[in-house]
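For reference, the structure discussed in these notes is given below.
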Amino acid sequence: MSKLHAFTVHYIKRARNHRWRCSEITFWCIDEQLCNQWIQALKELLDSQKSRPKQLLVYINPYGGKRQGKRIYEQKVAPLFNLASISADVVITEHANHAKDNLFEVNIYKYDGIVCVGGDGMFSEVMHGLIGRIQKDSGIDQNNPKTPLAQCSIRIGIIPAGSTDCICYATVGIIDPETSALHIIVGDCQPLDVSSIHHNNTFLKYSVSLLGYGFYGDILKDSEKKRWMGPMRYDFSGFKTFLSHQYYEGTVSFQPAKGTVGSPRDKESCRTGCHICRQTKQLEEQQKNYGFEHKEVEDEWKVIKGKFLAINAVNMSCACPRSPKGLSPAAHLADGSADLILVRKCSRFNFLRYLVRHTNQDDQFDFPFVDVYRVKRFQFTSKHLEDNESDIKDVGKKRFGQFCSDHPACCCNLANSTWNCDGETLDSSAVEVRVRCQLVKLFARGIEIYKDEAAYNSSSNELLS
Ligand SMILES: Nc1ncnc2c1ncn2[C@@H]1O[C@H](COP(=O)(O)OP(=O)(O)OP(=O)(O)O)[C@@H](O)[C@H]1O
Ligand SMILES: CCCCCCCCCCCCC/C=C/[C@@H](O)[C@H](CO)NC(C)=O
Ligand SMILES: [Ca+2]
């Protein structure tokens with residue numbers, strides 16, 4: 001055997017349910033020169049892949065989800081990064097907003113990507129840091145809702161270690177740290193729409209997954225007090241919120257998305273290489289060429305007043321293990337629009353039927369009390385605030401709790417809910433929301449289509465190192 005020469009190739013193998021695994025194969029050769037030629041050719045091939053990251057900045061939330069972030073990174077991710085010759089500067093966060101603040105201080109431009117190890121809240125923090133830093137460096141004021149924002153070319157990677165991990169699930173198709181690490185290594189790129197949320201010309205937050213008022217806002221508010229329960233807190237608070245069956249009055253105004261190709265009732269979902277997202281980008285490029293890029297079109301607004309159990313705006317399907325098809329199964333990752341779902345006051349039984357349809361194949365929008373619109377902009381004002389603004393004082397909040405003092409028998413509901421913005425609460429109930437097309441990029445490629453079971457065993461494997 002002493003005359004044999006060898007080299008080992010590490011590559012990615014597709015497994016079931018969108019899982020990727022790292023495999024290896026060793027090649028033997030009696031000719032040393034031939035062996036070296038192969039090694040050289042493979043090295044050159046790898047070097048020519050310019051989209052692959054070489055240097056990453058990694059933030060680990062040690063307290064997200066089941067508190068496994070550090071272990072997951074050290075045992076499952078770091079060895080793969082080493083194998084692929086990626087160097088990583090690792091920051092283990094010590095408090096909330098540590099990562100966000102740090103992104104304003106470090107030289108982010110020396111990195112090919114920022115990786116967050118944690119859940120949706122940790123991703124949100126890193127995204128806020130990155131978007132905020134890019135706007136600051138570009139001299140853009142985030143408080144002006146009309147200002148076009150500078151796009152972030154530095155990609156964000158998500159290693160799932162949270163409680164819901166919906167952003168990872170909806171962009172990769174599985175919550176699996178090894179799969180996500182491999183998507184980072186091969187340098188995948190998935191643009192993502194981001195909604196900016198303002199109140200009275202003050203910037204509040206950005207959202208990429210769920211911006212929810214009513215049901216999901218109340219779940220979040222209650223669950224925050226039960227963080228010690230870990231991911232279970234959402235089930236507990238979900239049950240409690242369902243039983244409370246609270247509805248909220250207010251006005252939703254929105255501009256329907258024109259120029260986007262799909263509809264929220266489509267049967268087709270956003271998948272790798274989605275033609276609807278691609279067409280949106282082409283349309284935007286064309287508008288840029290004609291100089292229409294930064295003009296805000298004052299299209300007509302649709303106004304809906306009502307009593308709502310839930311108002312959900314989603315920039316993506318929001319698929320997660322609890323709901324594998326998500327809150328809006330046909331929503332697109334990068335089409336410059338959000339799906340606005342209005343669930344009006346209905347009986348508890350009907351609301352339960354609506355929720356259950358998130359978990360099976362039935363259409364959750366096929367109810368008379370549910371409306372869904374594809375929008376580019378929307379606003380919400382609660383009745384409470386409208387009444388205050390129109391100088392109808394004495395809502396009797398102190399004496400009569402949350403009910404109108406003028407008509408105690410009519411039960412006008414003046415309660416306010418909280419907005420759930422990607423798992424974080426917002427300080428204001430009145431919001432103005434704009435979808436920013438493809439503002440950030442992820443190390444992902446959208447959910448891959450497996451045409452048949454044989455496909456994941458096919459020859460479409462990728463070279464790792
Ligand atoms: N060291 C830390 N101590 C306390 N909080 C932290 C720390 N690092 C980050 N955070 C905050 O913890 C919040 C929640 O974290 P994360 O999203 O990782 O977990 P999760 O809430 O369990 O998961 P999910 O968001 O998927 O439901 C984030 O908003 C982040 O700002
Ligand atoms: C019989 C009851 C069926 C319940 C079906 C519920 C469907 C659940 C859908 C959950 C979608 C969650 C969207 C993601 C939100 C995240 O941003 C956030 C933070 O991680 N998570 C939550 C729970 O607010
Ligand atoms: Ca979208």
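Along the sequence shown, the residues carry numbers beginning at 1. Counting convention: from 1, in listed order, for ligands and their atoms alike. Remember, predicted model here, so these are calculated numbers, not experimental data.
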If you compare all heavy atoms of Ile134 against all heavy atoms of Cys152, which two are closest, and at what distance to 0.1 Å?
CG1-SG, 3.8 Å

Quick test of your reading of the structure: of Gly121, Pro321, Cys320, whose heavy atom lies closest to atom 11 (C) of ligand 2?
Cys320

Kindly identify the option in Phe351, Tyr216, Phe242 whose heavy atom sits closest to atom 9 (C) of ligand 2.
Tyr216

To which protein heavy atom is atom 1 (C) of ligand 2 closest, and what is the distance rounded to 0.1 Å?
Val356 CG2, 3.9 Å

Write out the residue and atom name of the closest protein heavy atom to atom 20 (O) of ligand 2, then the distance separating them to 0.1 Å.
Asp120 OD2, 2.8 Å

Would His358 count as being in polar contact with ligand 2, using the rule that some N or O on each side must be under 3.5 angstrom apart?
no

Any [X] heavy atom less than 4.0 Å from ligand 2:
{"X": "Leu220", "result": "no"}
{"X": "Ser163", "result": "no"}
{"X": "Ile219", "result": "no"}

Of all N, O or S atoms in Asp193, which has the smallest distance to the Ca ion (ligand 3)?
OD2

Atom name of the N, O or S atom in Asp335 that lies nearest to the Ca ion (ligand 3)
OD1

Can you confirm, on distance only, whether ligand 1 has an N/O atom lying under 3.5 Å from any N/O atom belonging to Tyr63?
no

Kindly assign one of parallel, tilted or perpendicular to the pair Trp20 and His183, based on the angle between their ring planes and the thresholds 30° and 60°.
parallel

Is any NZ, NE, NH1 or NH2 atom of the basic residue among Lys302 and Glu300 found under 4.0 Å from an Asp or Glu carboxylate oxygen of the other?
no

For ligand 1, which atoms, with element, lie under 4.0 Å from some heavy atom of Gly65?
19 (O), 20 (P), 22 (O)

